[in-house]
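Remarks on the structure that follows.
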Amino acid sequence: MLVPYDALLQLPSATMDNLIKEYLLTQVEDGSFSDTDEQVYISAIERCKQLLKQEVLVVEFSEDDESIAIKHKEHLSR
């Protein structure tokens, strides 16, 4: 089930940031941002927020395993 963007706006900002950070960590091969400048990391979070607003990225809740994840809209399970 997709979580509507308007519902995401109701989340505490820390919750939303943590969800985005989890997504970003899955996008990095070594699983860390230790070599990345903090400003780059902050920019990446802001970019994800923009992509969520534009619905390029979406938040999907899996009822099967009660997990939530950000995905590219084109990679949604059908």
Side-chain angles (χ1 to χ4, degrees):
M1 159 184 16
L2 295 182
V3 179
Y5 179 74
D6 291 341
L8 297 175
L9 296 176
Q10 303 303 313
L11 292 174
S13 61
T15 302
M16 188 63 178
D17 287 350
N18 286 335
L19 183 60
I20 291 171
K21 287 176 186 177
E22 181 68 27
Y23 169 73
L24 290 173
L25 290 174
T26 65
Q27 303 303 303
V28 179
E29 284 185 12
D30 66 356
S32 77
F33 273 84
S34 59
D35 295 334
T36 303
D37 183 283
E38 183 68 19
Q39 188 57 42
V40 172
Y41 191 56
I42 291 169
S43 295
I45 291 172
E46 290 306 312
R47 180 71 179 138
C48 282
K49 287 179 181 179
Q50 290 173 355
L51 293 172
L52 285 164
K53 184 176 184 178
Q54 296 168 356
E55 297 183 356
V56 173
L57 296 177
V58 293
V59 176
E60 183 178 43
F61 175 74
S62 171
E63 295 172 346
D64 294 335
D65 59 5
E66 297 182 354
S67 66
I68 191 163
I70 296 176
K71 297 183 176 185
H72 281 272
K73 192 172 188 174
E74 63 191 36
H75 296 141
L76 291 176
S77 52
R78 309 234 182 242

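This is a predicted model, so every value here is computed, not measured. Sequential numbering from 1 along the given sequence is applied to the chain's residues. The analysis underlying the following values was restricted to heavy atoms, covering all of them including side chains, and did not include hydrogens, waters or symmetry mates.
Atom CD of Gln54 is surrounded by more than 12 heavy atoms from other residues, nucleotides or ligands within 6.0 Å.
Under a hydrophobic clustering in which Ile, Leu, Val, Met, Phe, Trp and Tyr are joined whenever their side-chain heavy atoms come within less than 4.5 Å, directly or via other members, Leu51 and Ile45 fall into the same cluster. In terms of hydrophobic clustering, with Ile, Leu, Val, Met, Phe, Trp and Tyr side chains grouped at heavy-atom distances under 4.5 Å, Val59 and Leu11 are assigned to a common cluster.
No side-chain heavy atom of Ser43 sits under 4.5 Å from any side-chain heavy atom of Arg47. Taking 4.5 Å as the limit, every side-chain heavy atom of Ile70 sits out of range of all side-chain heavy atoms of Cys48. Side-chain atoms of Val56 and Gln50, non-hydrogen and from C-beta on, never get closer than 4.5 Å to each other. Within the 4.5 Å cutoff, the side chain of His72 has heavy atoms near those of the Leu57 side chain.
For the atom pair NZ (Lys49) and CD1 (Ile20), the distance works out to 5.5 Å, reported to the nearest 0.5 Å. Here the straight-line distance linking atom CG of Leu52 with atom CG of Leu19 works out to 8.0 Å at 0.5 Å rounding. The CD atom of Glu22 sits 13.5 Å away from atom CG of Asp17, with the distance rounded to the nearest 0.5 Å.
Annotation for Lys73 and Glu55: closest pair CD-O, 3.3 Å, computed over non-hydrogen atoms. In terms of heavy-atom proximity, Tyr41 sits nearest to Lys21 at OH-CG, 2.9 Å. When every heavy atom of Phe61 is checked against every heavy atom of Val3, the shortest pair comes out as CB-CG2, 4.3 Å.
Using a 3.5 Å distance cut-off with no hydrogens or angles, the side chains of Ser67 and Asp65 do pair a donor with an acceptor.
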